[in-house]
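Scroll down for the structure; my scribbles are underneath it.
Just so we're on the same page: letters track the sequence lines, and every chain starts at 1.
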Amino acid sequence: MPHNPDHPPAKKFKPGSPFFRLDKKPGMLLPRKENVSVPIDVQRKNLPIYQAKSQLINQLRQLHNAVLIGETGSGKTTQIPQYLYEAGIARQGIVAVTQPRRVAAISLATRVAEEKRTQLGKLVGYTVRFEDVTSSETKLKFMTDGMLLREAIGDPLLLRYTVVVLDEAHERTVHTDVLFGVVKAAQRKRREQNKVPLKVVRHDSKSTYDDRQDCGCGASVRPEQEAPASHDILVFMTGQEEIEALARTCRDIAKHLPDSCGPMTVIPLYASLPPAQQLRVFQPAPKGCRKVILSTNIAETSITISGIKYVIDTGMVKAKRFNPESGLEVLAVQRVSKAQAWQRAGRAGREDSGSVYRLYTEDEFDNLIPMTVPEIQRCNLASVMLQLLALGIPDVMNFDFMSKPSPGKQQAMRSAVEQLDLLGAVGRKGEQVTLTPLGKKMASFPLEPRYAKTILLSPDFQCSEEVLTIVSLLSVDSVLYNPPARREECLAARKKFTTSEGDHLTLLNIYRAFKKVNANKEWCRENFVNSRNMSMVGEVRAQLREICLKLSMKLESCGSDTGSVRRCLAHGLFVNAAELQPDGSYTALDTHQPVAIHPSSVLFQAKPAYVVFNELLHTSKCYMRDLCLVDADWLVEAAPEYFRRKLRPTKS
DNA sequence: GAAGGAGAA
């Protein structure tokens with residue numbers, strides 16, 4: 001049992017911390033009052049971090065590395081870069097502040113520029129993909145961690161920067177994890193070469209809820225009946241299907257609520273929802289009406305909704321896992337970590353008091369793993385390894401990753417190198433792994449290695465323009481909407497574009513049609529096409545095309561000769577090939593494991609003899625997603641040695 | 001025989 005709530009430990013809330021306990025009722029939180037009418041420099045001085053300013057500056061002057069622990073709202077992300085600048089610590093270069101998300105980088109830069117009373121892009125700027133709002137004057141630069149990683153390929157010593165601040169490091173995204181090693185290596189090399197030193201500041205966030213495990217374990221209360229109607233509820237669930245099902249149930253219930261309850265509106269929230277529907281979560285419910293938001297983990301960090309009084313946490317999350325032996329990524333429902341449970345709890349009562357109801361017992365809570373497994377231990381490392389090699393890291397197998405290399409990770413790294421080897425991106429000199437000229441070209445694309453390879457192969461098949469389009473379509477979020485309520489309509493609309501050649505060419509047809517109507521929004525709505533993601537395809541395509549031109553590739557269109565596109569895909573994706581079996585099932589040629597066609601594929605009801613696919617997804621079955629019909633001969637010509645071992649003798 | 005957690009370059 002946690003401490004006796006009647007005698008809370010004395011240490012808990014420092015003055016100025018964003019929350020202090022309102023009373024002894026479990027889970028009650030009260031925030032600092034924000035006053036928008038207060039002038040900006042007074043607001044800055046009111047931040048908790050301000051009291052420590054001179055001490056922080058002194059420390060930062062002396063230290064090469066610093067870890068800063070502060071609570072949400074302490075002002076560390078906006079103030080530290082300014083302190084560094086004001087103290088002249090960053091005089092010889094730029095202060096980079098990295099963020100895992102684009103919106104965060106942009107909004108922080110906007111805020112700091114406001115505080116500095118300068119135009120965004122002058123002293124304070126930001127860089128995210130497709131958007132560079134900086135100039136030669138920029139000294140404080142907010143950027144996505146992925147962007148700094150890209151920059152590091154051209155400048156491994158990060159010589160433009162004197163300080164790198166890695167914010168939200170506790171989220172442990174792949175990019176931040178890799179950046180840690182890269183920045184440390186740059187720091188060391190700069191010291192060795194007597195260059196201007198590089199400071200590294202890592203921001204971490206401190207949970208204010210450490211000692212509150214007594215709050216709300218086991219949901220016995222029905223907030224929807226007992227609380228005032230203005231109190232909104234946020235429910236954390238695992239996925240779209242589950243959310244839509246519960247939304248229907250809730251709406252039914254809402255029709256038959258007793259008068260004492262008042263009406264409620266149910267709003268689903270997940271990433272693949274059209275933007276207009278996502279925005280609904282921010283609209284206040286009509287007066288006297290309760291807002292109930294059913295959300296995936298998107299509301300844990302990416303979307304912050306104000307006015308949430310209650311959080312209901314199912315304790316489950318859908319997340320990727322990686323099996324290094326099969327090289328298979330598995331999307332599976334699993335328990336959240338304690339850190340995640342607290343993060344969810346913290347989404348309630350951001351402006352006022354709030355509570356969390358956990359749909360699991362205190363015992364179950366105690367048995368949760370303390371921290372979420374870092375993403376880098378849950379994904380395919382092929383792309384990461386290629387990047388490290390391109391950065392000129394001498395010994396990639398022993399790269400200084402944030403987490404200690406576990407046996408599992410060693411295996412994951414080996415299988416990643418094997419994949420790169422099959423793609424011709426790496427060679428080996430004894431124990432050392434080296435990048436081939438092809439691998440170097442592949443690394444210059446912001447893409448999964450196999451897609452980069454496919455693009456690089458495309459000139460051989462005179463279909464680069466088509467392959468550029470297809471790869472761009474595959475590297476953004478889905479351009480297709482599939483609203484469950486309008487399934488029939490949706491299928492009918494899509495029929496116009498489907499081809500028995502598979503999903504890649506179906507997508508190409510949709511893109512061509514989209515271009516033909518000049519990106520008409522009405523056309524998008526009628527055809528269940530996500531116009532925002534479709535526009536993104538255009539931007540990605542332009543970026544990839546630019547890289548091709550820099551590599552002096554000859555870019556041609558094959559027009560209606562779609563066979564050459566499929567042949568090119570067969571050559572690029574030959575590792576992901578599957579063969580129809582006499583019993584009508586499919587077997588992956590690489591691992592010989594049984595696989596099935598995903599129901600979202602246009603080939604779902606077809607029985608092609610050979611296909612290549614983009615990815616395997618293990619949910620209820622091991623599904624192939626995004627399939628392309630290919631000839632067995634093409635696979636053999638793509639990798640004769642490889643397929644001599646893999647193909648069934650009777651077929652070839 | 002029937003389904004896609006969230007990010008990012």
Does [X] reach a base, just sugar-phosphate, or nothing at all? Heavy atoms under 4.0 Å.
X	answer
A/Tyr270	sugar-phosphate
A/Asn482	base
A/Leu149	nothing
A/Glu375	base
A/Arg101	sugar-phosphate
A/Ile298	sugar-phosphate
A/Ser600	base
A/Arg625	base

### Query
So, is A/Thr238 close to the B/dG5 phosphate, meaning a side-chain N or O under 4.0 Å from OP1 or OP2?
no

### Message
I want to check one thing: is the phosphate of B/dA3, taken as OP1 and OP2, less than 4.0 Å away from some side-chain N or O of A/Arg487?
### Response
no

### Query
Taking for each residue the nucleotide of DNA chain B with the nearest heavy atom, is it A/Arg150 or A/His598 whose nucleotide lies nearer the 5' end?
A/His598

### Query
For A/Ala319 and A/Gln543, take the nucleotide of DNA chain B holding the closest heavy atom to each; which residue's nucleotide lies nearer the 5' end?
A/Ala319

### Task
Would you classify B/dG4 as syn or anti? Syn applies when the glycosidic angle is within 90° of 0.
syn

### Task
Assess the pair A/Tyr310 and A/Tyr357: is the distance between their ring centroids shorter than 6.0 Å?
yes

In whole Å, what is the span from the [atom1] atom of [X] to the [atom2] atom of [N]?
X	N	atom1	atom2	answer
A/Phe236	B/dG5	CZ	P	15 Å
A/Met316	B/dA6	CE	P	16 Å
A/Tyr451	B/dA8	OH	P	18 Å
A/Leu179	B/dG7	CG	P	20 Å

### Query
Hey, does the Lys NZ or Arg CZ of A/Arg347 hover above the aromatic six-ring of A/Trp342, less than 6.0 Å from the centre and inside 45° of the axis?
no

### Query
Is A/Arg160 salt-bridged to A/Glu151, going by a charged N under 4.0 Å from an acidic O?
yes

### Message
Which heavy atom of A/Leu603 sits nearest to which heavy atom of A/Pro608, and what is that distance?
### Response
CD1-CG, 4.2 Å

### Query
In a check of side-chain hydrogen bond (donor to acceptor under 3.5 Å, both in side chains) between A/Thr469 and each of A/Arg545, A/His504, A/Arg541, which one passes?
A/Arg541

